[in-house]
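Reading through the structure tokens given below for one structure.
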2 protein chains.
Amino acid sequence: MVSQRGEGETTSTPLEAADKERARAIPEAAVARLAVYLRVLSGMAESGVTAVSSEELSQAAGVNAAKLRKDLSYIGSYGTRGVGYDVEVLVSHIERILGLTRNHSVAVVGIGNLGHALANYGGFPGRGFPVTALFDVDADLVGIPVGGIPVNHIDEITAICLEREVSIGVIATPPPAAQSVCDRLVSAGVQCILNFAPVVLQVPDNVEVRKVDLAVEMQILSFHVARRADEAVHNSNGGVSVGNNGLGVDGMVIRP
Amino acid sequence: MVSQRGEGETTSTPLEAADKERARAIPEAAVARLAVYLRVLSGMAESGVTAVSSEELSQAAGVNAAKLRKDLSYIGSYGTRGVGYDVEVLVSHIERILGLTRNHSVAVVGIGNLGHALANYGGFPGRGFPVTALFDVDADLVGIPVGGIPVNHIDEITAICLEREVSIGVIATPPPAAQSVCDRLVSAGVQCILNFAPVVLQVPDNVEVRKVDLAVEMQILSFHVARRADEAVHNSNGGVSVGNNGLGVDGMVIRP
DNA sequence: TACCGCTTGTGAACGCATGCACAAAGTCGG
DNA sequence: CCGACTTTGTGCATGCGTTCACAAGCGGTA
Ligand SMILES: NC(=O)c1ccc[n+]([C@@H]2O[C@H](COP(=O)([O-])OP(=O)(O)OC[C@H]3O[C@@H](n4cnc5c(N)ncnc54)[C@H](O)[C@@H]3O)[C@@H](O)[C@H]2O)c1
Ligand SMILES: NC(=O)c1ccc[n+]([C@@H]2O[C@H](COP(=O)([O-])OP(=O)(O)OC[C@H]3O[C@@H](n4cnc5c(N)ncnc54)[C@H](O)[C@@H]3O)[C@@H](O)[C@H]2O)c1
């Protein structure tokens, strides 16, 4: 379907249009995996690997080879039959599809235990997510630099987020403050939120929320231990587990 | 189907057997949501709420009411038609299904930025996940208490994990160390691993891995921004987003 | 050039998850 | 006791995601 790119376009507009028609159709689960492939491929590129087959890449990414090929097919046909994929080419196309061709400025709200860790973490800027603003309600923290960036007071959030074009807001406040912080981020024009507080956030339709809930992760693990233990009791088979299969915890966006 | 519990069992064995037959059939996605329901219900219980309808609970959990009822039906029929659910009853049944009737001892490996945050976090013990051991390779850290628990050297991991019956290992080391730490945890009998390092871990079939990859989360958000921006360009509709629908980042368990 | 072996890309089948819609089953008021 | 009203539990249809299997396509080789 579609494709046949590189025919005779002068501007890049038709090409991009085709890509974005496609982008809409990429399954959510595939997007998550594409990010993983990208990381693996980046690692390979750094190690000097220039070509890779779907089999090799799928091994490294921990997925089924057929699934990997299907995932890649969502973004276009950039492989060579009989040979495999060019690592650089794949990297650049995945980056383009994931919108990583431009930087996404990140603001962290709540500079406590977790906020400190996030602000100090060096892994984000390198991947196109520079942390450009930190916020907290605690007056003692305001002005203190964490990870090289001074903490601002939460009341400045709207002005600063607009000014620095923050596109991702990270919420690392205690649960009771999370919704209010979220509302402020939204009114500052932030359309993506990564929420660490164990709260279900209410947001408008045009805002995307993803949550990371460690307690939920542990409870899922707990469930599998329990299940495995029972299986071991019922039939005395070794208790084989399939691992979590691509599902995970969700983002819970309310839509009215 | 099934149910009709509380008939005439003397021991609890037949009841539990029925539950565990069921447990095997609970969809992974439903398990993740059950953990969310549990959190919401616990909050309600603390606020003195004793009964709740599927409509109310689904609102609070950010899911469709029908889905919520179906999720609850996987664990049994504990509601009262025309009335709703008893909060306490639901809490105890979800806890039982998730295996939260017993504590799950947690060990954190890699007491850097993130490890400190995790060790200091008070939210785990209260939810049945006491952190009982910390490990790091850095000799300067060994012996220093973090969150009330002294850091041990990584070489002691096997002995201590066995002794303290650690059931969940949390990996918060730099990526290159993650696989080796994982292997040590596995050989210490740990069957559940929560991995923060951006690496695909290779584990035996009987070990369950879940990963939390913040860069991947951000890239998924980035994808949606890009998609939304394009939609806005193509047709000038407001750019409505569906939010992430219960999917997320996965755990990538290799099976040979 | 023609053939061979290898790997991609994808049509099609399957299975799981979601959401609808309604019967069953309960409460409450009279 | 009965009938009206409420809410659960679930059969069923629909849609999404995964997996299989294989034709199409490419590089290498004679
Ligand atoms: N630390 C962890 O490992 C961990 C693990 C899982 C979940 N979480 C969750 O992450 C969140 C943060 O955890 P933490 O351990 O860093 O908590 P923390 O108490 O150490 O830090 C919270 C910070 O948020 C600030 N804050 C409070 N109200 C605010 C507001 N309205 N606006 C801006 N800042 C505000 C506080 O001043 C504090 O600095 C919590 O919701 C917690 O449940 C943390
Ligand atoms: N800090 C964050 O916010 C953040 C965000 C996303 C991902 N991560 C990931 O989490 C992991 C930890 O991040 P961090 O910022 O805490 O790193 P960090 O460098 O601050 O801490 C790593 C710790 O692990 C210890 N360590 C190294 N090798 C070890 C080994 N073999 N055994 C035991 N301990 C060992 C180090 O001594 C150090 O204390 C990394 O893989 C990072 O990519 C962190």
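Convention: sequence-line order gives letters A, B, ...; per-chain numbering from 1.
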Respond yes when some side-chain nitrogen or oxygen of [X] is under 4.0 Å from OP1 or OP2 of [N], and no when none is.
{"X": "B/Asn64", "N": "C/dC20", "value": "yes"}
{"X": "B/Tyr85", "N": "C/dG26", "value": "no"}
{"X": "B/Ser54", "N": "D/dT7", "value": "no"}
{"X": "A/Arg69", "N": "C/dG11", "value": "no"}

Using atom [atom1] of [X] as one end and atom [atom2] of [N] as the other, report the distance to the nearest whole Å.
{"X": "B/Asp86", "N": "C/dG26", "atom1": "CG", "atom2": "C1'", "value": "15 Å"}
{"X": "A/Glu55", "N": "C/dG5", "atom1": "CD", "atom2": "P", "value": "20 Å"}
{"X": "A/Leu68", "N": "D/dT18", "atom1": "CG", "atom2": "P", "value": "12 Å"}
{"X": "A/Glu28", "N": "D/dG17", "atom1": "CD", "atom2": "P", "value": "8 Å"}
{"X": "B/Ile75", "N": "D/dG9", "atom1": "CD1", "atom2": "P", "value": "10 Å"}
{"X": "A/Leu90", "N": "C/dT8", "atom1": "CG", "atom2": "P", "value": "10 Å"}
{"X": "A/Glu56", "N": "C/dT7", "atom1": "CD", "atom2": "C1'", "value": "11 Å"}
{"X": "A/Tyr74", "N": "D/dT19", "atom1": "OH", "atom2": "P", "value": "11 Å"}

Exercise. Consider the side chain of B/Lys67, meaning its heavy atoms from C-beta on, and name the nucleotide among C/dG19, D/dG9, D/dT18 that approaches it most closely.
Key: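 Out of C/dG19, D/dG9, D/dT18, the nucleotide with an atom closest to B/Lys67's side chain is C/dG19.
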Exercise. Ignoring the backbone of A/Ser53, work out which of C/dG9, C/dT8, C/dT18 is nearest its side chain.
Key: C/dT8
Practice problem: Could you verify whether a donor N or O on one side chain and an acceptor N or O on the other, from A/Tyr37 and A/Asp71, lie under 3.5 Å apart? | Solution: yes
Quiz item: Side chains of A/Arg96 and A/Thr101: is there a donor and an acceptor less than 3.5 Å apart?
Solution: no
Quiz item: Out of A/Val170, A/Ile171, A/Val212, which one pairs with A/Asn195 under the side-chain contact (heavy atoms from CB on, under 4.5 Å) rule?
Solution: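 Testing each of A/Val170, A/Ile171, A/Val212 against A/Asn195, the sole residue satisfying side-chain contact (heavy atoms from CB on, under 4.5 Å) is A/Ile171.
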Practice problem: Identify, between B/Asp71 and A/Gly84, the residue whose nearest nucleotide on DNA chain C lies closer to the 5' end. | Solution: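 Result: A/Gly84.
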Self-check item: A/Glu217 and A/Lys211 ion-paired at < 4.0 Å
Solution: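 No, this pair does not count.
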Exercise. Take A/His104 and B/Gln219 through the test side chain to side chain donor-acceptor pair (under 3.5 Å) and record every step on the way to the result.
Key: CA-CA 9 Å; A/His104 296 270; B/Gln219 286 169 6; over 6 Å; no
Check the interface with nucleotides 26-29 of chain D: list each N/O to N/O pair with the protein under 3.5 Å, or write none.
from   : atom 1 : to      : atom 2 : distance (Å)
D/dC26 : O4'    : A/Arg81 : O      : 3.4

Quiz item: What pairs with B/Glu95 under side chain to side chain donor-acceptor pair (under 3.5 Å), at least two apart in sequence or on another chain?
Solution: none
Quiz prompt | Results of salt bridge (Lys or Arg N to Asp or Glu O under 4.0 Å) for B/Arg39 - residues two or more places apart only | solution = A/Asp213
Exercise. Determine whether any donor atom in the side chain of B/Lys70 lies under 3.5 Å from an acceptor atom in the base of C/dG19, or the reverse, and answer yes or no.
Key: yes
